[in-house]
Protein chains: 2
Amino acid sequence: MNIGTAGERAGLPPKTIRYYEDIGLLVPERQENGYRDYSDDDVHRLRFLQRSRSLGFSVDECRQLLSLYGDKGRESAEVKAIAETKLAEVQRKIEELQSLRDVLSHLVTHCHGDARPDCPILDELSGKAGD
Amino acid sequence: MNIGTAGERAGLPPKTIRYYEDIGLLVPERQENGYRDYSDDDVHRLRFLQRSRSLGFSVDECRQLLSLYGDKGRESAEVKAIAETKLAEVQRKIEELQSLRDVLSHLVTHCHGDARPDCPILDELSGKAGD
DNA sequence: CTTGACCTTCCAGTGACTGGAAGGACTATC
DNA sequence: GATAGTCCTTCCAGTCACTGGAAGGTCAAG
């Protein structure tokens with residue numbers, strides 16, 4: 001199947017799929033006319049990649065997961081370890097963003113937002129309002 | 001003052017400060033020997049940039065904020081609008097990450113994580129366990 | 001036979017830095 | 001004055017995960 005169809009089924013644009021080939025994530029067969037030829041199994045792997053990426057795994061982590069996925073003898077502990085590490089990262093990121101949100105929200109509620117030139121947001125950013 | 005000292009005071013590495021000069025964010029004077037010469041006011045602006053960046057404003061947003069910061073006649077409404085937009089973005093990102101965390105956490109708790117080759121995480125990623 | 005959609009490769013750009021090489025400037029010590 | 005070490009300069013390249021675009025080949029429909 002052509003790259004366009006494969007992309008539609010996997011939820012990935014052709015550009016991205018070609019990029020995955022470039023970096024050796026998934027190298028398909030070729031048709032006689034030189035077009036890439038994706039099997040159903042390839043599409044399966046592409047969907048796997050699409051899901052893993054959207055769950056925040058880096059391309060290198062996806063590469064690991066994909067090789068574990070294809071390895072019938074792998075231990076699920078390996079996969080769990082990768083997922084657990086990622087989970088901790090996500091949790092940390094959420095907390096960072098929450099404190100960022102709190103600061104921004106504080107700034108916004110304390111700015112009168114009219115035509116006066118004094119602005120608590122800029123004061124805060126400039127350090128006037130304490131460190 | 002030299003770039004190293006300015007960087008220490010502003011909490012930014014010299015590389016980053018030079019980069020900010022490259023993109024026209026903050027262009028300092030030069031000393032006779034060709035070294036960059038940062039005034040206290042420059043350091044103030046650098047700190048402003050450091051804070052804004054760490055609050056998640058893009059460099060272009062920082063550029064806007066910085067020009068508003070230097071503009072005595074600006075309206076605080078402009079500043080508030082930028083901050084509010086950013087706040088909404090941060091909130092959206094938090095929610096995305098939370099749902100991501102829920103999926104990952106579900107995967108991790110359902111994977112026995114031992115030496116058995118079957119793994120619910122990979123099954124889920126491959127789409128076996130429903131879309 | 002032409003149109004248009006699809007495919008190919010290759011090169012360049014994104015954002016916001018970061019690393020490193022090659023070389024000049026300054027300070028302290030011998 | 002020589003030397004060592006730290007700081008500074010510029011410039012080029014790399015990061016990550018794509019994305020855009022140009023130039024050209026292939027295929028199906030009308």
Side-chain angles (χ1 to χ4, degrees), chain A residues 1-39 42-43 45-66 86 89-90 93 96 100, chain B residues 1-39 42-43 45-66 82 85-86 89-90 93 96 100:
Chain A
M1 136 190 19
N2 284 352
I3 195 170
T5 313
E8 248 173 65
R9 296 207 189 154
L12 288 170
K15 275 275 186 191
T16 302
I17 298 178
R18 284 192 203 101
Y19 170 70
Y20 287 167
E21 180 176 349
D22 269 7
I23 61 173
L25 261 190
L26 184 82
V27 180
E29 300 287 308
R30 293 286 177 145
Q31 301 164 28
E32 290 196 348
N33 58 12
Y35 286 17
R36 287 168 181 82
D37 193 8
Y38 292 91
S39 67
D42 286 336
V43 171
R45 280 160 194 277
L46 286 173
R47 286 172 58 81
F48 183 100
L49 288 171
Q50 190 276 322
R51 280 156 180 271
S52 315
R53 288 288 301 124
S54 78
L55 281 178
F57 292 96
S58 75
V59 162
D60 255 13
E61 286 163 337
C62 288
R63 198 191 301 274
Q64 286 178 65
L65 288 170
L66 200 59
K86 186 52 60 175
E89 266 172 45
V90 169
K93 213 170 241 173
E96 269 173 32
L100 166 55
Chain B
M1 120 194 30
N2 284 353
I3 195 170
T5 313
E8 249 172 65
R9 296 208 189 153
L12 287 171
K15 275 274 184 190
T16 302
I17 298 177
R18 285 192 203 103
Y19 170 70
Y20 287 167
E21 180 177 351
D22 268 7
I23 61 173
L25 262 189
L26 185 81
V27 180
E29 301 288 307
R30 292 287 178 144
Q31 301 165 29
E32 290 196 350
N33 58 10
Y35 286 16
R36 288 168 181 81
D37 192 10
Y38 292 90
S39 67
D42 286 336
V43 171
R45 282 159 193 278
L46 285 173
R47 287 172 56 80
F48 183 100
L49 287 171
Q50 190 276 322
R51 282 156 179 271
S52 314
R53 288 287 302 124
S54 79
L55 281 178
F57 292 96
S58 76
V59 163
D60 256 13
E61 284 163 338
C62 289
R63 197 191 301 274
Q64 285 179 66
L65 287 170
L66 199 59
I82 295 175
T85 303
K86 187 52 58 175
E89 266 171 45
V90 169
K93 213 170 242 172
E96 269 173 33
L100 166 55

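Only a predicted model underlies this, so the values are computations on that prediction, with no experimental measurement involved.
To the nearest 0.5 angstrom, B/T5 atom OG1 is 11.0 Å from B/Y38 atom OH. Here A/L25 contributes atom CG and A/L49 contributes atom CG; the two are 5.5 Å apart, rounded to the nearest 0.5 Å.
Put simply, CD on B/Q50 is 10 Å from P on C/dC17, counting in whole angstrom units. Going from atom CZ of A/R30 over to atom P of C/dC7 covers 12 Å, rounded to whole Å. Rounded to whole Å, atom C1' of D/dT19 lies 14 Å from atom CZ of A/R53. Between the CG atom of A/L12 and the C1' atom of D/dA17 there is a distance of 12 Å, given to the nearest Å. Atoms CZ (A/F57) and P (D/dC18) sit 15 Å apart, rounded to a whole Å. The OH atom of A/Y38 sits 11 Å away from the C1' atom of C/dC7 (whole-angstrom rounding). Rounded to an integer number of Å, the gap from A/D60 CG to D/dC18 C1' is 15 Å. Distance CG (A/D37) to C1' (D/dT26): 15 Å, rounded to an integer number of Å.
Applying the 4.0 Å criterion to OP1 and OP2 of D/dA17, one finds that A/T16 has every side-chain N and O outside that range. Contact annotation: A/R18 does not reach the phosphate of C/dC10 (side-chain N/O to OP1 or OP2, under 4.0 Å). Neither OP1 nor OP2 of D/dC8 sits under 4.0 Å from any side-chain N or O of B/N33.
Residue order along DNA chain D, read from the 5' end via each residue's closest nucleotide, puts A/K15 first among A/Y35 and A/K15.
Looking at heavy-atom distances under 4.0 Å, A/R36 makes contact with sugar-phosphate atoms alone, never a base. Residue contacts for B/P14: at a heavy-atom cut-off of 4.0 Å it reaches no nucleic acid atom on any strand shown.
Other residues, nucleotides and ligands contribute at most 12 non-hydrogen atoms within 6.0 Å of the CD atom of A/E8.
Taking the charged nitrogens against the carboxylate oxygens, B/R18 and B/E21 have no contact shorter than 4.0 Å, which rules out a salt bridge.
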For this session: Could you please spell out the steps behind the salt bridge (Lys or Arg N to Asp or Glu O under 4.0 Å) verdict for B/D42 and B/R45?
Result: CA-CA 5 Å; B/D42 286 336; B/R45 282 159 193 278; 5.1 Å; no
Problem set entry | Working for side chain to side chain contact (heavy atoms under 4.5 Å, CB included), residues B/L65 and B/F48 | CA-CA 9 Å; B/L65 287 170; B/F48 183 100; 3.9 Å; yes
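Closest heavy-atom contact between B/G11 and B/Q50: O-CG, 3.6 Å.
For DNA chain D, no neighbouring residue in residues 19-28 of chain B is found when judged by any heavy atom under 4.0 Å.
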